[in-house]
Amino acid sequence: MDMQTSLLDRLFDTGLLIDTGVEGLYGRSGAFEDVIARFERLIDAYGGADGAEAMRFPPGMNRAHFESSGYMKSFPQLAGTVHSFCGGDLDHMSLLQCMEVGGDWTKDQKATDIVLTPAACYPLYPTIAKRGRLPAGGGLYDLQSYCFRHEPSNDPARQQLFRMREYVCMGTQEHVTTFRQTWMDRGLEMMAKVGLDVTMDVANDPFFGRAGRMMANNQRDQNLKFELLIPVTSAAKPTACMSFNYHQDAFGAKWGLNLENGDVAHTACVGFGLERIALALFARHGLDIAAWPADVRKVLGYQD
Ligand code: ATP
Ligand code: ZN
Ligand code: MG
């Protein structure tokens, strides 16, 4: 049995994660959720004074916005669309007959106006663009959403529905790259406070196909994406628990995000993988939260 299976099995055994029969789709216990809530309070303690505008979107986004984002060009393999039955009585009858005989009843489902959110920041850009030019000093936003990615795996740190907490900054190149550096420093400090071993590395997104490999190389060469890696299922292959992304003016140009003076905005986002951070804590300190080191418990606000 490999390491991944054993951590997942232990998470199931303790009830921290709840098996649904689908890889990467889990229920969470109250204790697991509580760890995430407490870690989010720690994020608030670091970012709360920055004056970010908080917004919460549901885990589905406007399909038209999803189409404009270009996600299907870069990550068609990860996307999830919401389809529904849109027929009448006769269609319903044949649907039920099809299910009865174990046929593919899903082929007549029709696409709705909703696509599952692939990253917490996706619904933000069109929302801000609609407001008109950014205020003087740019924009700063605080987001959290369940996100969907079709990447089934028996690695508990690679889920299909998971939460991302994000801060997104819009402004000049100088402004947003400083924002990103600030959060890289904060990320390292926060993880040290909760007793996690971290490394920071340059990274790239898994752009699809042959053209995608060129995009990935370019992203790496230009240091557009960094990841904070923490051991979860393996010390040799630590898991990305935060990412720090500089989009240059690509999203600004795509969505029509403009500074107060009319210049195209640069954007950056930092994302916390909330389940991954909780899993890193369990992997490092054990599955019994009451037995976690006193200093870690204190930082997370557990009463002793
Ligand atoms: P990976 O390289 O591990 O696939 P990623 O580069 O795709 O990660 P991002 O797109 O930068 O990840 O997403 C932001 C954060 O969301 C990641 O740093 C990670 O903590 C978390 N995350 C991404 N994919 C998953 C997943 N499948 N399950 C749980 N958390 C995830
Ligand atoms: Zn983002
Ligand atoms: Mg990925």
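Since the model is a prediction, treat every value here as computed from it, not as a measurement. Sequence positions, counted from 1, serve as the residue numbers for this chain. Atoms within each ligand, like the ligands themselves, are counted from 1 in listed order.
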*asked:* Can you confirm whether Lys107 is buried at NZ, in the sense that more than 12 heavy atoms of other residues, nucleotides or ligands lie under 6.0 Å from that atom?
replied: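 Atom NZ in Lys107 is packed in, count exceeds 12.
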Check the side chains of [Y] and [X] for a donor-acceptor pair under 3.5 angstrom, ignoring hydrogens and angles.
X      : Y      : answer
Gln173 : Gln248 : no
Asn258 : Arg133 : no
Glu151 : Gln160 : no
Ser153 : Asp155 : no
Tyr26  : Glu275 : no

_Pairs meeting criterion salt bridge (Lys or Arg N to Asp or Glu O under 4.0 Å) with involvement of residues 236-263, two or more places apart_ =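 Sorted pair list comes back empty.
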Counting non-hydrogen protein atoms only, what is the nearest one to [atom]? Give residue, atom name and distance.
atom                    : answer
atom 24 (N) of ligand 1 : Phe162 CZ, 3.5 Å
atom 8 (O) of ligand 1  : Arg276 NH1, 3.8 Å
atom 21 (C) of ligand 1 : Gly273 CA, 3.7 Å
atom 28 (N) of ligand 1 : Gln159 N, 2.9 Å
atom 4 (O) of ligand 1  : Arg158 NH1, 2.9 Å
atom 14 (C) of ligand 1 : Ser243 OG, 3.5 Å

_N-O pairing of Glu33 and Arg163 below 4.0 Å_ =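 Looking at Glu33 and Arg163, the cut-off is met.
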*Does Phe57 sit in a hydrophobic cluster with other residues, and if so which ones, taking ILVMFWY side chains as linked at heavy-atom separations under 4.5 Å, directly or through other members?*
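When side chains under 4.5 Å apart are linked, the cluster holding Phe57 also contains Met55, Leu124, Tyr125, Ile128, Leu134, Tyr141, Leu143, Val168, Met170, Phe251, Trp255, Leu257, Leu259.
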Any N/O of [X] closer than 3.5 Å to an N/O of ligand 1?
X      : answer
Ala157 : yes
Glu151 : yes
Ala240 : yes
Asn204 : no

*Under a 4.0 Å heavy-atom limit, does Lys225 contact ligand 1 with its side chain, its backbone, both, or neither?*
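Under 4.0 Å from ligand 1, Lys225 contributes side-chain atoms alone.
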_Location of contacts on Cys241 toward ligand 1, heavy atoms closer than 4.0 Å_ =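 The answer is the backbone of Cys241.
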_Heavy atom to atom 12 (O) of ligand 1, shortest distance: which of Glu166, Arg149, Glu227 holds it?_
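The nearest heavy atom belongs to Arg149.
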*Considering only heavy atoms of Met242, which atoms of ligand 1 have at least one such atom less than 4.0 Å away?*
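Listed by number with element, the hits are 18 (O).
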_Met164 neighbourhood, listing ligand 1 atoms whose heavy-atom distance to it stays under 4.0 Å_ =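 Taking each heavy atom of Met164 in turn, ligand 1 has 13 (O), 14 (C), 16 (O) under 4.0 Å.
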*Can you name the closest pair of heavy atoms from Asn204 and Gln219 and give their distance?*
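Heavy-atom minimum between the residues: CA-OE1, 3.1 Å.
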*What angle, to the nearest 10°, do the atoms OE1 (Glu166) and SG (Cys269) form about the Zn ion (ligand 2)?*
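Rounded to 10°, it measures 100°.
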